[in-house]
Each structure stands twice: as structure tokens, then as C-alpha cells.
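See below for the structure under consideration.
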Amino acid sequence: MNTSNENRQNNSQLSIRNSQFAAKQKSRRRFLGALLGVAGSAATVGVFSPKKNQKNGPTELPLHEADFYKPHNLAG
Amino acid sequence: MNDVICELCPRYCLIPEGGAGDCRVRVNLGGKLCATTYGRPSAVHIDPMEKKPLYHFHPGTPILSIATAGCNLHCRNCQNWQLSQRGGEEMERIYRAMPTEVVDVAIDKNCQSIAYTYSDPIIFYEYVYETAEIAKARGLYNVFVTAAYINKAPLRKLCQVLDATNTDLKAFDDKFYRDNCSGTLKPVLDALVTFREQGVWVEVTNLVIPTLNDDMAMIRRMARWIRDELGAGTPLHFSRYHPMYRMRNLPPTPTDTLERARQEAMDVGLHYVYIGNLFGHEAESTFCPSDGTRLIRRTGFWIAEYNLTEDGRCPVCHEEIAGVWA
């Protein structure tokens with residue numbers, strides 16, 4: 001009897017562990033799914049949203065902020 | 001019908017209301033022609049004079065150099081295409097720089113001269129003219145680096161405020177202009193003559209592109225024309241081509257081709273013929289046409305040795321060297 005009770009107890013503990021493991025797995029999958037979703041959305045937004053200068057035009061600066069001595073490769 | 005015709009260059013663009021000319025920056029706003037890049041340069045640098053290149057005009061001095069977006073030519077090999085083949089709104093940055101501010105900055109940075117350069121300054125004509133007028137009144141020199149595809153009347157007016165030009169003569173061949181630049185040769189030759197007639201110091205640059213404009217007979221014809229129309233003392237710069245923009249299929253110009261072109265031009269009688277874009281070549285230096293003395297030794301854009309007398313003569317034979325030296 002005892003043995004069968006112990007077995008039953010063990011089985012029920014095993015079943016609890018299994019269900020906990022399954023729940024964890026499910027939670028992990030959901031988390032990873034959500035993460036992938038967020039990353040995918042961010043990438044989509046990044047790819048399709050206009051760049052700053054396309055949206056607002058060129059950056060305008062006062063002349064004195066020019067880097068006059070910066071090396072450049074313009075001819076002439 | 002609120003169309004306008006831009007009479008600045010030989011294209012004579014007919015611009016409908018709200019539209020832009022071929023240069024992208026001269027637009028028709030309510031039946032009025034407007035230059036959208038006035039006071040809005042996208043490139044502002046201080047360069048050595050030798051970079052324009054001007055070798056016989058105040059050598060070794062710094063020059064404030066400005067350019068806006070746009071161009072009235074569309075050369076397939078353009079080295080500055082990111083600036084010249086775009087409209088102002090496509091630039092990454094622009095500076096707010098009205099003419100007086102440009103002149104103030106030039107003086108503040110100890111520049112004796114202002115260059116209108118990089119793209120073709122013809123397309124920001126009004127900005128050039130008004131800046132140059134103020135600069136001249138305040139004792140600065142004005143340098144126009146151009147392909148000279150411009151009509152005579154606006155050029156004559158502009159010459160009143162210009163001191164020097166380096167003009168790009170792309171080839172001595174109308175077909176080359178039509179096929180590679182969407183322009184024509186004659187207006188450029190006319191403009192060069194106008195510069196000379198109006199007393200503007202002229203230096204000419206010819207970019208030698210393998211197989212397209214490196215025919216020695218053509219180079220000889222070009223050198224003869226320069227000698228006869230502009231004078232034997234006109235400096236001519238043969239510049240090395242590097243694959244660029246929409247013409248990446250050709251190799252850089254071989255040194256030997258540039259040297260042969262230089263020899264042809266000197267044989268025709270031009271006194272000062274240089275090779276550019278080829279760092280460290282002996283033909284970057286100026287030699288006395290009379291006795292061969294090396295007068296100015298250059299390394300790239302830098303002067304390594306200067307032997308001209310104060311009044312611009314050879315120190316050995318006292319030959320007068322054409323140029324604006326002081």
C-alpha cells in the first residue's frame with residue numbers, strides 16, 4: 001500500500017513538475033514571440049520611416065558653425 | 001500662362017509656374033524667376049589657392065570657397081556630383097550665409113579671396129554677384145571656378161566684380177560636350193574670350209579622360225586656340241581623371257598620356273602647362289619659359305620653394321612671368 005501511495009505521490013509530483021515545465025516553456029515562447037514582434041516592428045519602422053533630412057529637409061546651420069578646415073574631396 | 005525663360009545660360013529653360021530649370025535650383029514662383037539657393041551654400045571650406053587650381057594668382061594664399069547645390073551641366077564623370085547633381089532640398093546641410101556674412105567670415109579667417117566653386121557658380125549667379133560686389137568693395141579678390149556655360153550678357157556684368165577664373169575646358173570637341181556633359185562647346189569658348197577681354201585673370205583646366213578626349217591632335221588644336229585667343233602666357237592644367245559618378249568604366253589617366261599632352265601644348269607655344277591630380281609630379285612646378293629656371297616648386301597644393309622676384313620675374317634672366325603675384 002505504502003509503495004503504491006508513494007508511487008501515486010511521486011506520479012502526482014512528476015505531473016506537477018511537468019505542468020510547471022510546460023507552463024515555463026509556454027511563457028518563454030510567449031516572451032520570445034513578443035520580443036521578436038517588437039524587434040520586427042522596430043525594424044519595419046526603421047526601414048520605412050523617412051530619414052531625418054528627408055522628412056525635415058537639410059539641417060540648417062549658421063555660417064560660423066561651418067568646419068572651414070575640415071578635409072574634403074570636392075574638386076575645384 | 002506664367003512661364004518664365006531663364007536667360008542666364010545657353011539652355012534658355014522655359015520654366016512653368018512652380019517648376020525648376022535644368023539646374024534644379026532656379027525656379028518659377030508666381031511668374032518670377034527665383035534662385036532658391038541664394039544665401040544658402042552647402043559647401044564652405046578654406047582651401048589653398050593652388051587647389052582651384054590657380055598657380056599664377058596670389059600663390060600660397062588661403063581662399064574661402066563656397067558652393068550651393070545644382071549645376072547647369074550634367075557631366076557623366078562629375079567629381080562633385082553629390083553637390084552638383086542635386087537640388088538644395090536634397091542636401092544634408094546648408095548654411096545660412098548672406099553675402100555680407102560671407103565677406104565678414106573671409107576677412108575674419110584672414111582670406112584675401114573668395115572662390116565661387118565646386119558646383120558651377122553660374123547657377124547661383126545673383127548670390128555670386130552680390131557677394132563679389134561687397135567683397136571687392138572691402139578689398140578682397142573674387143575667383144570664379146566654372147565650366148563657363150553661360151550667356152555673354154550676364155557674364156560681362158559678372159566680370160566687373162571678378163578677378164580670376166579657372167575655367168574647365170572639357171574637350172575641344174562639340175560632340176564630347178553633347179555626349180558627356182549635355183552642353184555645347186561654343187558658349188564655353190566665347191566665355192573664355194569674354195573673360196580675357198574683360199581683364200579677368202584666366203587659367204584653363206582640361207580633364208584628360210582615356211579614349212574620350214585624349215586624342216593628341218585635338219589637344220594640339222585646343223592648345224593653339226588658347227595661344228591665339230587667350231595668349232601664350234595662359235596657364236593650362238591637364239588634370240588626371242579618376243573613375244567617378246556615371247563613368248566608372250574607364251581607368252585613371254595614365255601618366256604618360258598627361259605628359260604627352262603637356263608636351264604637345266608646350267610645343268605649340270604655351271609657356272605654362274601643368275599636370276594636376278598627380279601628386280609629386282615635376283609638372284606641378286612653374287618654370288621660366290626663357291631659361292628653364294624652376295620658379296615655384298609645388299608638392300600637391302603646397303608651395304615648397306618660391307623663387308620669383310617681388311615683381312613677378314625670373315631671378316636669373318628677369319623674364320616677366322605672366323600672372324597676378326602681389
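Here is how names work: the chains are called A, B, and so on, in the same order as the sequence lines, proteins then strands, and each is numbered from 1.
- Contact of B:Leu64 with chain A is made through the side chain alone, with heavy-atom distances under 4.5 Å.
- Only the side chain of B:Asp47 comes within contact range of chain A, with heavy atoms under 4.5 Å apart.
- With a 6.0 Å cutoff to the six-membered ring centre and a 45° limit on the axis angle, B:Arg76 does not count as a cation-pi contact of B:Tyr245.
- For the set B:Val102, B:Val145, B:Asn80, B:Asn277, the count of heavy-atom pairs under 4.5 angstrom toward chain A peaks at B:Asn80.
- Between chain A and the residues B:Asp168, B:Leu54, B:Val105, the largest count of heavy-atom pairs under 4.5 Å involves B:Val105.
- At least one donor-acceptor pair under 3.5 Å links the side chain of B:Arg240 to the backbone N or O of B:Thr253.
- Contacts between B:Val44 and chain A at a heavy-atom distance below 4.5 Å involve backbone atoms as well as side-chain atoms.
- Salt bridge annotation for B:Arg24-B:Glu89: absent, with no cationic side-chain nitrogen under 4.0 angstrom from a carboxylate oxygen.
- By the 6.0 Å contact criterion, CG on A:Asn73 is open, its count of non-hydrogen atoms from other residues, nucleotides or ligands being 12 or less.
- Within a 6.0 Å sphere centred on CZ of B:Arg96, heavy atoms belonging to other residues, nucleotides or ligands number more than 12.
- Only the side chain of B:Ala43 comes within contact range of chain A, with heavy atoms under 4.5 Å apart.
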